[in-house]
Amino acid sequence: MPDKMPKACVIIGAGASHDVWNEGAAHVNIPWQPPLATDLFDIGKHPEYAPILSRYPGAEFLSQYLGPVSAQGGHAIDEALRDLAFHDDPRISKQFNQIPPYLRDLIYHTSRQYAPIPSCYIQLVIELLTTTPHEVLFLVLNYDDLLEIALGRLASLTKEFQFKEIDDYISPGRQAKVVKLHGSIDWFVQMPHYDNDWAFAVGELKLSSLTDSPIWVIGDVTDAKIHRMPSSHDYSYPVITAPLAGKGSSATVCPATHIQVAKDFSGTAENS
Amino acid sequence: MIIGTSGLDDDLLMLLDDLVPTDKQSFLHLVDMGEGATKTLERFNKGVRAFVRPYQVQSLFDMGFQKYLATRQISEFTEWHPSPE
């Protein structure tokens, strides 16, 4: 990487993935457009989400409460999710633990089925990394891996942008570093199997301590519920944060080393 | 550059407040869709100390990510340089 490239920090939220298609891709599958927060539990509007939701009875149960809130639009869904996440009644909070696996599977399937290639992210990385080369810090709020796919395609021959281990995202010397504050569809932690009772095991999880465990990067998991960790019989649990209103620093699930890289990036920043 | 987010995430605002220097010039493009874009910009301006003039020049695009790229608005961002102090 040449010295003295200008620096750019790019923050990417759900609206970017929602609007990822351009004319360079042959087709889009409209029902699987990457969702905004208001779409996540609006199953009436998105009946194609129902088979994914039904894999997670806890999430399906709470969706009956969240669906009407989703349909109202605005940011009420974030407030409602927050109320459920911190509910005093364990019958609610234990079922809430099934919402991240539902969201993870939903985002996985939308990101794979909407468009054959993440066109706008590819345009973005061409502009920022090659047309006018910058050193770039991507701060990503999304769970999908569309940006990583775009970076990987840019350097498909040199394999400069592989994301196989958690430290690859912030690998020193890379022109672009990726910090995913709220987790990723391919990030998992190990979860005890409790005699193969997935729902019980998930109910016992303390979501606030998720990042105390090592994060594994595991690609192309189609169904988080049945996925087992490599080389063990333990379940895996996705490392993502539900879209809670006013997410504070405790909502950040990426490793502390990633946050530090983000903070160090600004030392001589020219753009923002 | 901020693309497609509401500015409601306190963890992001806190990180940006730490990350973006208040004593250097910077340039912001905020890309959003529709009428909410102005409110989004207001949230970032309220939550991040460096997002104030004269240290930051700001532009708002409310036609979405795809149009922002298609109309080449991004070149204004990529070609920006701080003016001599």
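Values below: every heavy atom of this structure, side chains too, minus hydrogens, waters and symmetry copies. Each chain gets a letter, A, B and so on, in the order the sequences are listed, and its residues count up from 1. All of these numbers come straight from a predicted model, not from anything done at the bench.
- No side-chain heavy atom of B:I2 sits less than 4.5 Å from a side-chain heavy atom of A:V10.
- Closest approach of A:D19 to B:M33, counting heavy atoms only: OD2-CE, 4.1 Å.
- Side-chain contact, B:D9 with A:H182: no donor N or O sits under 3.5 Å from an acceptor N or O.
- Rounding to the nearest 0.5 Å gives a distance of 4.0 Å between CD1 of A:I11 and CG of B:L16.
- Taken to the nearest 0.5 Å, the CG atom of A:L139 stands 10.5 Å off from the CG atom of B:D11.
- Heavy-atom minimum distance, B:A70 versus A:Q123: N-NE2, 4.3 Å.
- Both the backbone and the side chain of A:Y121 have a heavy atom closer than 4.5 Å to some heavy atom of chain B.
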Next item on the list: Take B:T5 and A:I12 through the side-chain contact (heavy atoms from CB on, under 4.5 Å) test and state the conclusion after the steps.
Entry: CA-CA 7 Å; B:T5 187; A:I12 292 179; over 6 Å; no
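- For B:L15, the part lying near chain A is the side chain, with the backbone staying farther off; criterion is any non-hydrogen pair under 4.5 Å.
- If you measure heavy-atom distances from B:S75 to chain A, you find no contacts under 4.5 Å at all.
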Note to self: For a side-chain contact (heavy atoms from CB on, under 4.5 Å) check, start with the C-alpha distance between B:T78 and A:T131, then their side-chain angles and the critical distance, and finish with the verdict.
What the structure shows: CA-CA 9 Å; B:T78 57; A:T131 306; over 6 Å; no
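- Between B:Q66 and A:H18, the closest side-chain pair of non-hydrogen atoms is not below 4.5 Å.
- Heavy atoms closer than 4.5 Å to chain B are found nowhere in A:L36, neither backbone nor side chain.
- Between B:L69 and A:C120 the shortest heavy-atom distance is CD1-O, 3.4 Å.
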